[in-house]
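Note on naming: letters A, B, ... go to the chains in the order of the sequence lines (proteins, then strands), and numbering restarts at 1 for each one.
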2 protein chains.
Amino acid sequence: MTDTPSLDFWFDFASTYSYPAAMRIAPLAQARGVAVRWRPFLLGPIFKAQGWDNSPFNLYPAKGRYMWRDLERICATLALPFAQPSPFPQNSLLAARVALVGLAQGWGEDFCRAIYRAEFGEGRNIAEPATVASVLASVGQDAEDPIRQAQADPIKAALRAQTEEAQRLGIFGAPSFTTGGELFWGNDRLEAALDWARRQAA
Amino acid sequence: MTDTPSLDFWFDFASTYSYPAAMRIAPLAQARGVAVRWRPFLLGPIFKAQGWDNSPFNLYPAKGRYMWRDLERICATLALPFAQPSPFPQNSLLAARVALVGLAQGWGEDFCRAIYRAEFGEGRNIAEPATVASVLASVGQDAEDPIRQAQADPIKAALRAQTEEAQRLGIFGAPSFTTGGELFWGNDRLEAALDWARRQAA
């Protein structure tokens, strides 16, 4: 086969382990020749369908305490800045919609990384339009037009459709990776997912 | 410092991802000069304290479907046999008690690996005394004496104490690894935990 290996990267800006995954995926994929499609979605509706009205890291405190320490260690290993944001989880709706605008215009990946860095590297609140606007500025975008588009019907519908597709694919957490009918869940599965994509196309 | 690096390996025979961890830990620890203490415990009381009366992989079907496929892929990568046991989860009480007998007598690690292989490599039911007896025979032990000791008060109390200690340490799943005041959770954290143990002792 001569197909270019490809993989879908599913993430929610509220998801903690999506931060290191978003920061790692581009060079790892490039080294393997795998094309990555960034797919923001919302975990909220998927968690609700599992009976959770909050992050499992808040619902199960032992797991939550562990996760923050584990994420701190992972960031130290990767030399990524780390700060626990408050509140947690953050409302990721506006950032996800703006990401969809940016991904269609070529600046989406930079914006996604910058949002994650603001949230989990600097502890800023990405639910606030002012934070999203300053992140847009940091990647060279004027804020007004993307935020206006993000609040219009086509982008709202696109994010809903993407979330429904994630659910249909069996996605139950983030980050997730899909390739060749396989689902991989978790920052720690990123390399295995990319390797799978490459093997399927070989 | 001249301390020998050491790590506690916490596992429940009902835990799926503890299977690859149990099969991998000895050579990885040896290569790093880390001494491993095998600590069987029971997840049941810890899950109950979180409000679960069953495995989360049964309570959350999307997560359960993913886990079985993920475990199958991991076993294929490691060239480990894989078979989904029925019922799941299995009652691991007798096997955990026999493991405590064996760990005090020098044959415990071989027994633990053989139990995991019977359960997740061959799909056998480790809740049955006949399975435990045949696993004991496979590691060169007579069944009668260990099973009798496993059902006497000192071993029963030791397993209860070990489970309570796991809970005090903040353990909420298996496999878990503790070293130098740090907790690591999951087969995919084994290398990081061993590296931490080695660094702490350096």
Subject >> Nearest non-hydrogen partners of A/G170 and B/A62, listed with the distance >> reply: O-CB, 4.1 Å
Original post:
Would you say A/R117 has more than 12 foreign heavy atoms packed within less than 6.0 Å of its CZ?
Top reply: no
Original post:
Given side chains that start at C-beta, do those of B/W185 and A/Y66 come closer than 4.5 Å, heavy atoms only?
Top reply: yes
Original post:
If you look at every heavy atom in B/R69 and A/W196, which pair is closest and at what distance?
Top reply: NH2-CH2, 3.4 Å
Subject >> Contact origin within A/I171 toward chain B - heavy atom pairs under 4.5 Å >> reply: neither
**OP:** For residues B/Y60 and A/Q50, report the shortest heavy-atom separation together with the two atoms involved.
**Re:** CE2-O, 3.5 Å
Subject >> A/Q30, CD atom: more than 12 neighbouring heavy atoms under 6.0 Å >> reply: no
Original post:
Would a 4.5 Å heavy-atom cut-off, applied to side chains only, mark B/L183 and A/R65 as touching?
Top reply: no
